[in-house]
Amino acid sequence: GLAEPGTRQVVATINFSHPVALASAEKMLSMAMRADGSDHDSKAKQLEFTLSADKTGREVYVQSAALTLPEHEQYLTLELKKGVTAQNGNAVTEHTLTEQLLVPDKRSFLKVEELRTDIIRTPELEPEQMLLLSFTDRISRTELQNKLKLYLLPKHPRRRSNYWAPGEVNSSVLQQASLLNVELMPTPEPHDSAFSIKLDLPPGHSIFVSLAKGLQSASEFNLANEYRAVVQAPAYPKEARIVGDGAMLTLSGEQTLQLL
């Protein structure tokens with residue numbers, strides 16, 4: 001089932017050289033994190049977890065109970081003490097293993113994972129310009145439509161080129177820019193973490209991308225600050241097309257033309 005809003009689970013995989021006795025691993029394992037807002041000297045609080053293993057018994061999966069993300073980022077410590085026994089024979093682990101994981105705070109959990117432009121082929125093999133945008137959590141299509149703005153930027157006055165750095169784009173630049181219609185491509189679910197937005201722009205021109213502060217994910221995490229970025233409209237591939245059944249001729253590289 002879905003975790004409560006604002007919560008996450010921590011998962012870890014531990015590999016052993018021999019099939020391991022799960023009860024022994026559980027006894028030797030601990031997962032701990034300091035309470036929210038406590039200082040560095042305070043004792044970490046033990047967290048509940050469950051263990052399972054793969055068919056071989058050599059790979060053990062640890063899953064924490066639902067964890068409320070802290071107000072300030074905290075380290076979670078996973079410790080496996082020495083002395084874990086194998087299923088058969090007398091083999092035991094000889095070293096204590098400690099791993100730390102940074103648990104992000106509520107405000108920093110939701111981020112843009114990737115933003116780029118690309119040429120994507122339609123099922124009919126037509127090249128289309130796309131803006132590809134992915135997040136660290138699922139977002140509803142409606143929320144994205146409401147919070148995303150795309151602008152086609154004018155030529156840069158000083159550079160005589162189309163390149164803009166995000167920091168140069170201020171309100172007076174945006175007044176000269178064209179606000180674009182956001183054409184969101186279909187997604188399998190109403191909430192998703194990856195989206196494609198169809199573009200049809202002059203190649204090489206700059207697009208300013210703004211995601212409003214407060215963009216909310218399906219798990220009720222919010223974007224702490226406005227996200228601002230500049231990407232370039234991609235160039236279409238140089239190709240000639242034969243009407244009817246034929247092969248495509250690419251104008252770069254090997255130039256062969258073949259009728260089938």
Side-chain angles (χ1 to χ4, degrees), residues 1-114 132 134-140 187-195 216-224:
L2 283 174
E4 285 290 306
T7 65
R8 275 285 171 267
Q9 284 177 311
V10 174
V11 290
T13 303
I14 307 169
N15 292 292
F16 293 90
S17 56
H18 294 73
V20 71
L22 212 52
S24 167
E26 192 163 2
K27 191 175 157 192
M28 296 302 181
L29 190 72
S30 67
M31 203 180 247
M33 191 167 87
R34 278 202 305 273
D36 214 356
S38 59
D39 58 29
H40 287 274
D41 303 325
S42 60
K43 200 172 182 314
K45 182 170 168 257
Q46 295 297 317
L47 302 173
E48 302 278 316
F49 60 86
T50 53
L51 285 192
S52 57
D54 72 343
K55 286 195 195 74
T56 67
R58 288 201 293 265
E59 197 163 89
V60 171
Y61 311 112
V62 187
Q63 189 170 13
S64 77
L67 198 67
T68 302
L69 289 192
E71 290 299 329
H72 305 284
E73 56 184 25
Q74 295 268 11
Y75 277 101
L76 177 143
T77 306
L78 184 76
E79 186 180 71
L80 185 67
K81 290 193 169 68
K82 61 181 186 181
V84 178
T85 57
Q87 282 177 17
N88 307 307
N90 305 319
V92 293
T93 56
E94 290 170 7
H95 302 286
T96 292
L97 175 83
T98 307
E99 284 289 334
Q100 284 201 318
L101 170 79
L102 186 63
V103 177
D105 59 58
K106 287 174 184 157
R107 287 182 299 279
S108 69
F109 180 76
L110 181 62
K111 286 193 173 82
V112 172
E113 202 160 47
E114 186 184 34
L132 306 171
S134 65
F135 297 91
T136 51
D137 200 10
R138 292 178 311 117
I139 312 266
S140 89
T187 44
E189 301 291 332
H191 292 79
D192 212 325
S193 58
F195 298 90
Q216 192 175 63
S217 74
S219 314
E220 295 182 13
F221 294 111
N222 291 77
L223 201 60

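Throughout, numbering of the chain's residues begins at 1 and tracks the sequence.
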Contact summary for [X] and [Y], nearest pair of heavy atoms:
{"X": "Gln46", "Y": "Ala32", "value": "NE2-CB, 3.7 Å"}
{"X": "Ala25", "Y": "Leu80", "value": "O-CD1, 3.8 Å"}
{"X": "Lys81", "Y": "Thr96", "value": "CA-OG1, 3.7 Å"}

So how far is it from [X] [atom1] to [Y] [atom2], rounded to the nearest 0.5 Å?
{"X": "Gln63", "Y": "Thr50", "atom1": "CD", "atom2": "OG1", "value": "5.0 Å"}
{"X": "Arg34", "Y": "Lys45", "atom1": "CZ", "atom2": "NZ", "value": "14.0 Å"}
{"X": "Leu223", "Y": "Gln216", "atom1": "CG", "atom2": "CD", "value": "11.0 Å"}
{"X": "Glu26", "Y": "Ser52", "atom1": "CD", "atom2": "OG", "value": "10.5 Å"}
{"X": "Glu48", "Y": "Met31", "atom1": "CD", "atom2": "CE", "value": "11.0 Å"}
{"X": "Phe16", "Y": "Thr85", "atom1": "CZ", "atom2": "OG1", "value": "9.5 Å"}

For a 4.5 angstrom cut-off between non-hydrogen side-chain atoms, does [X] reach [Y]?
{"X": "Leu76", "Y": "Leu67", "result": "yes"}
{"X": "Phe49", "Y": "Leu78", "result": "no"}
{"X": "Tyr61", "Y": "Leu51", "result": "no"}

### Residues Ser217 and Asp137: side-chain donor-acceptor under 3.5 angstrom
yes
### Task
Verify whether one side chain among Ser64 and Gln9 offers a donor that lies under 3.5 Å from an acceptor in the other.
no
### Task
Would you check, one step at a time, whether the test side-chain contact (heavy atoms from CB on, under 4.5 Å) holds for Val84 with Leu29?
CA-CA 9 Å; Val84 178; Leu29 190 72; over 6 Å; no
More than 12 heavy atoms from other groups under 6.0 Å of [atom1] on [X]:
{"X": "His18", "atom1": "NE2", "value": "no"}
{"X": "Gln100", "atom1": "CD", "value": "yes"}
{"X": "Tyr75", "atom1": "OH", "value": "no"}
{"X": "Glu94", "atom1": "CD", "value": "no"}
{"X": "Glu114", "atom1": "CD", "value": "yes"}
{"X": "Glu99", "atom1": "CD", "value": "no"}

### Task
Decide side-chain contact (heavy atoms from CB on, under 4.5 Å) for Val62 and Ile14; before the verdict, give the C-alpha distance in whole Å, the side-chain angles of both, and the deciding distance to 0.1 Å.
CA-CA 8 Å; Val62 187; Ile14 307 169; 3.9 Å; yes
### Glu73: side-chain hydrogen bond (donor to acceptor under 3.5 Å, both in side chains) partners, not counting sequence neighbours
none
### Message
Test your reading of the model: is there a side-chain donor-acceptor pair from Thr187 to the backbone of Asp192, 3.5 Å cut-off?
### Response
no
### Message
Please check this pair: side chain of Thr93 against backbone of Gly83, looking for a donor-acceptor N/O pair closer than 3.5 Å.
### Response
yes
#### Entry: Counterpart residues, ring pair (Phe, Tyr, Trp, His ring centres under 6.0 Å), relative to Phe109 (two or more places apart)
Phe221
### Worked verdict on Leu110 versus Asn222 for side-chain contact (heavy atoms from CB on, under 4.5 Å)
CA-CA 6 Å; Leu110 181 62; Asn222 291 77; 5.7 Å; no
